[in-house]
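All remarks here apply to the structure that follows.
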There are 2 protein chains.
Amino acid sequence: MTTTAARRDRQREQLIDAAERAIAERGLAGLKARELAREIGCALGAIYNLVRDMDELVLRVGSRTLARLDEALGHASQAALVKAPEDAAGRLIAVALAYSTFARKNPRLWRTLFEHRMAEGAEVPEWAIAEQMQLFRHIMAPLAALLPDADEQQRLLLGRTLFSAVHGVVAIGLEEKLVAVPRRELDHQIETLVRLVCAGLAADTGLIR
Amino acid sequence: MTTTAARRDRQREQLIDAAERAIAERGLAGLKARELAREIGCALGAIYNLVRDMDELVLRVGSRTLARLDEALGHASQAALVKAPEDAAGRLIAVALAYSTFARKNPRLWRTLFEHRMAEGAEVPEWAIAEQMQLFRHIMAPLAALLPDADEQQRLLLGRTLFSAVHGVVAIGLEEKLVAVPRRELDHQIETLVRLVCAGLAADTGLIR
DNA sequence: GCAAAATCTTGAACGCCGTTCATCGCGAGG
DNA sequence: CCTCGCGATGAACGGCGTTCAAGATTTTGC
């Protein structure tokens, strides 16, 4: 016999599954409460016993996307570390390329991470922010190897800058409005950017004072 | 005596004015057809004699934003050119900082340039794309001075990468979800990024082959 | 085991959105 | 001045997320 709470938990998973599929296939704008209700076989209003509102649902899908992204970056970093333990710059490039690859393979789910805006008065819950911060690990570790003498705060700032820069290249390269930049070209852009920054760091670490 | 066509043109300007104000004050989500009609004193349906739909209205507001952004970047580039004619890297930094400043002063209008998605089947009209491309002038000119020997296509690619990277830093730095990064810190991030890339270029121009 | 209470489910209804369209009134051409 | 066509009008349409009164179902207390 299944208790009510257990069944509700199961339905909540189904709901998030359905929402994830809808976003993956038709983007954030293609996520409709009525369609989800039809898909998981419940009444329209029942959705609001599973999640507070659509915002929460989007955040829960985002949480899954972040987890998969985190895994992908981790694998890339690990593989690069095994291949060339001394090449911190190579690890940074590997992570950046993995980021790009993930975005290209999951375009709509990835876009949703940045497109989504909370409803009028609502704030992003703390757990969602914490999950985003987790991603920085994959950049900070190679960066610490690259700049062992810089202080932690400088490295954090540079890590954020590097992440933002790579994100920008990917975001504009895969922009839906324009024709997407071909994979080879985008990878080349990213590699160039990270290499140039690393070369700049090697040439004069005083730049990040 | 005012002809009908002239009055319609005047009303169209009023409509775009009102839309621009609405977006500037409350963001893209705060743009409502009914409110615009009330504001410019016409019936709801009359809006659709002035523009095809809301998408076109947003694009026309975007066109104005791009024109002002273009002007701001032009001024910054010009000022840097007068101040230090030989310092191409300095001009790139000046343009990047001007971009950041514009984004900070016009956050919602600037965001709208990237947030906006056309309705289901609609494509971005060609004139809107052309306007965006115009912006690259301000990056390509200093870049040509910095890399006189690189071929044009390599420079174009690098210019797009640089623009995207700076855009990413600004976009994430001013992200609405999080607390905005303080101005000084953001400027420092941007300057560091551009300096590092330029230093990387100086260290080994082979990197962009 | 059964009645009572608490809880969950339901889908119609609400308010809002962009867009359309039958209708009407007014400015322009003869 | 008259008519006729075109632009203005706002109610209506379909769709959205969300709410809620009412009915169904499970849990509780004895």
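Throughout, a chain's letter reflects where its sequence line sits, starting with A, and its residues are numbered from 1.
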Positive for salt bridge (charged side-chain N to carboxylate O under 4.0 Å, His left out) with A/D17, one of A/R12, A/R60, A/R64:
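Checked A/R12, A/R60, A/R64 against A/D17; only one passes salt bridge (charged side-chain N to carboxylate O under 4.0 Å, His left out): A/R64.
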
Starting from [atom2] on [N], measure out to [atom1] on [X] and report it in whole angstrom.
X	N	atom1	atom2	answer
B/M118	C/dG18	CE	C1'	15 Å
A/N49	D/dT25	CG	C1'	14 Å
B/I47	C/dC17	CD1	P	12 Å
A/H116	D/dG17	NE2	P	13 Å
B/L50	C/dG18	CG	C1'	15 Å
B/L44	D/dA12	CG	P	14 Å
A/R117	D/dG17	CZ	C1'	19 Å
B/R34	C/dC16	CZ	P	10 Å

When you measure from the side chain of A/A43, which nucleotide among C/dT10, C/dA13, C/dG18 comes out closest?
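Closest of the options to the side chain of A/A43: C/dT10.
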
Do the ring planes of A/F163 and A/Y99 sit parallel (below 30°), tilted (30 to 60°) or perpendicular (above 60°)?
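Plane angle over 60°, so perpendicular.
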
I'd like to know whether CZ of A/R52 has more than 12 heavy-atom contacts from other residues, nucleotides or ligands below 6.0 angstrom.
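12 or below, so no.
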
Is the number of heavy atoms from other residues, nucleotides or ligands within 6.0 Å of CD (B/E25) greater than 12?
yes

Determine yes or no for a side-chain-to-main-chain donor-acceptor pair under 3.5 angstrom, with B/R26 supplying the side chain and B/I23 the backbone.
no

Determine whether a donor-acceptor pair (N or O, by modelled atom type, separation under 3.5 Å) exists between the side chain of B/D151 and the backbone of B/Q154.
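Yes.
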
Is any N or O donor-acceptor pair between the side chain of B/R8 and the base of D/dG7 shorter than 3.5 Å?
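No.
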
Work out which heavy atom in B/G90 is nearest to a heavy atom in B/A80; give both atom names and the distance.
O-CB, 4.5 Å

Side chains of residues 121-132 of chain B: which donor-acceptor partners sit under 3.5 Å, not counting sequence neighbours?
| unit_1 | atom_1 | unit_2 | atom_2 | d |
| --- | --- | --- | --- | --- |
| B/E131 | OE1 | B/S63 | OG | 3.2 |
| B/E131 | OE2 | B/S63 | OG | 2.7 |

DNA chain C contacts made by residues 16-33 of chain B, counting heavy atoms under 4.0 Å:
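B/L31, B/K32, B/A33, in order of number.
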
Under 3.5 Å side-chain donor-acceptor pair for A/N106 and A/R68
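Result is yes, a qualifying pair exists.
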
Counting only heavy atoms and a strict 4.0 angstrom limit, can you tell me which residues of residues 52-62 of chain A come near DNA chain D?
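Correct list: A/D53, A/M54.
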
